[in-house]
Amino acid sequence: MQHFYGLEDVSLKGAWLSIGSFDGVHLGHQQIIKKITAGAHAENAPAVVLTFYPHPDVVLHGPRQSFYLTDPEEKAQLLGGLGIDAVITHPFSHQIADVEARDFITNLFEHVSFTQLLVGYDFALGHNREGDRSLLWQMGQVMGFGVQVIEAHTADDEIVSSTRIRN
């Protein structure tokens, strides 16, 4: 498994990609990981995860004690253990938060030429979270990648989430 700390040195072709925090790599995350690794490896393509550090919530709303469930190294090891071929830990800042979703995805596509993008049910990125599933589908049609939205994983009639685990 390769671990990159930004996009500068990344050049991957035909990848299946997922973007998210993946903090804790909990059962909900594992659902996404199973789909991305199965699909990518069936096509002989790399399974790639892009995550952010520091966590966007910490940058935008301030640090909190005991917020992180895993650090970037531990997270990458867990993801690699589940079959992910490359993890990109992208630095997150207020400047990144202000980037328009279209610009972020276009830049990402230049470094990771992905054919499939898998995201969670509540995924959004970019300035004002404008990069929702609708925008991603539109971009996918133009740029030539598919978008798969993975529905929430529940346990005890509650959605499994990093927030729930922290609480």
Side-chain angles (χ1 to χ4, degrees), residues 12 15-43 45-61 64 67-70 72 74-76 78-90 92 96-109 112-167:
L12 298 168
W16 282 47
L17 173 71
S18 187
I19 305 170
S21 68
F22 292 95
D23 192 23
V25 192
H26 57 64
L27 292 174
H29 297 143
Q30 290 176 35
Q31 265 192 233
I32 296 172
I33 300 307
K34 284 178 186 172
K35 284 191 181 266
I36 192 172
T37 55
H41 296 159
E43 293 183 2
V48 181
V49 165
L50 181 131
T51 186
F52 296 98
Y53 188 83
H55 190 289
D57 203 42
V58 169
V59 171
L60 298 174
H61 303 292
R64 279 166 264 159
F67 180 80
Y68 292 103
L69 300 173
T70 52
E74 183 181 13
K75 184 188 310 184
L78 290 168
L79 291 166
L82 294 171
I84 293 297
D85 301 303
V87 174
I88 304 165
T89 301
H90 197 285
F92 193 84
I96 294 295
D98 287 339
V99 173
E100 306 246 341
R102 286 184 185 278
D103 294 337
F104 186 85
I105 294 294
T106 299
N107 182 45
L108 177 58
F109 194 79
V112 183
S113 173
F114 50 94
T115 59
Q116 291 292 318
L117 176 61
L118 285 75
V119 295
Y121 69 98
D122 60 348
F123 179 83
L125 65 71
H127 185 67
N128 293 325
R129 296 180 53 86
E130 67 196 3
D132 58 10
R133 63 174 81 181
S134 175
L135 178 70
L136 295 175
W137 279 326
Q138 290 171 15
M139 291 188 74
Q141 289 178 343
V142 171
M143 297 173 73
F145 61 85
V147 176
Q148 298 181 41
V149 177
I150 310 304
E151 294 306 318
H153 180 77
T154 58
D156 300 325
D157 294 324
E158 288 189 55
I159 293 174
V160 175
S161 70
S162 298
T163 301
R164 181 177 170 208
I165 292 168
R166 280 186 203 99
N167 291 339

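For the single chain, residues carry numbers from 1 onward in sequence order.
For Asp122, the side-chain contact (heavy atoms from CB on, under 4.5 Å) criterion is met by no residue, not counting sequence neighbours. Partners of Leu12 by side-chain contact (heavy atoms from CB on, under 4.5 Å), not counting sequence neighbours, listed by chain and number: Gln2, Val10, Val48, Ala86, Val112. Every side-chain contact (heavy atoms from CB on, under 4.5 Å) that Phe145 has, sequence neighbours left out, goes to Ile105, Phe109, Phe114, Leu117, Met139, Met143, Val147. For Glu43, the side-chain hydrogen bond (donor to acceptor under 3.5 Å, both in side chains) partners are Trp16, not counting sequence neighbours. The ring-ring contact (aromatic ring centres under 6.0 Å, His included) test applied to Phe123 returns no partner, not counting sequence neighbours. Not counting sequence neighbours, the partners of Gln138 by the side-chain hydrogen bond (donor to acceptor under 3.5 Å, both in side chains) test are Arg102. Applying the side-chain contact (heavy atoms from CB on, under 4.5 Å) test to Ala38 and every residue at least two apart in sequence or in another chain returns nothing. For Thr115, the side-chain hydrogen bond (donor to acceptor under 3.5 Å, both in side chains) criterion is met by no residue, not counting sequence neighbours. Under the side-chain hydrogen bond (donor to acceptor under 3.5 Å, both in side chains) criterion, Arg129 pairs with no residue, sequence neighbours left out.
Between Ile84 atom CD1 and Ile36 atom CD1 the span is 5.0 Å, to the nearest 0.5 Å. Residue Gln31 holds its CD atom at 11.5 Å from CG of Leu118, rounded to the nearest 0.5 Å.
Between Phe52 and His90, the ring planes lie perpendicular to each other; the angle is over 60°, past the 30° to 60° tilted range.
Side-chain N or O atoms of Asp132 include one that pairs as donor or acceptor with a backbone N or O of Leu135 at under 3.5 Å. With hydrogens and angles ignored, the 3.5 Å screen pairs no side-chain donor or acceptor of Ser18 with any backbone N or O of Val119.
Pairing each heavy atom of Ser21 with each of His55, the nearest pair is CB-NE2, 3.5 Å. Across all their heavy atoms, Ala47 and Gly83 have their closest contact at CB-O, 4.3 Å. Summarising the geometry of Leu17 relative to Leu50, their closest heavy-atom pair is CD1-N, 4.1 Å, with the distance given to 0.1 Å. Closest of all the heavy-atom pairs between Pro54 and Phe92 is O-CB, 3.2 Å. In plain terms, the two heavy atoms of Pro72 and Thr89 that are nearest each other are CB-CG2, 4.1 Å. Nearest heavy atoms, Phe22 versus Thr51: N-OG1, 4.5 Å.
When side chains are defined from C-beta on, Leu136 does not count as touching Val149, because their heavy atoms never get closer than 4.5 Å. Within the 4.5 Å cutoff, the side chain of His127 has no heavy atoms near those of the Phe104 side chain.
Identified under the side-chain hydrogen bond (donor to acceptor under 3.5 Å, both in side chains) test for residues 32-42, with sequence neighbours left out: His41-Asp85.
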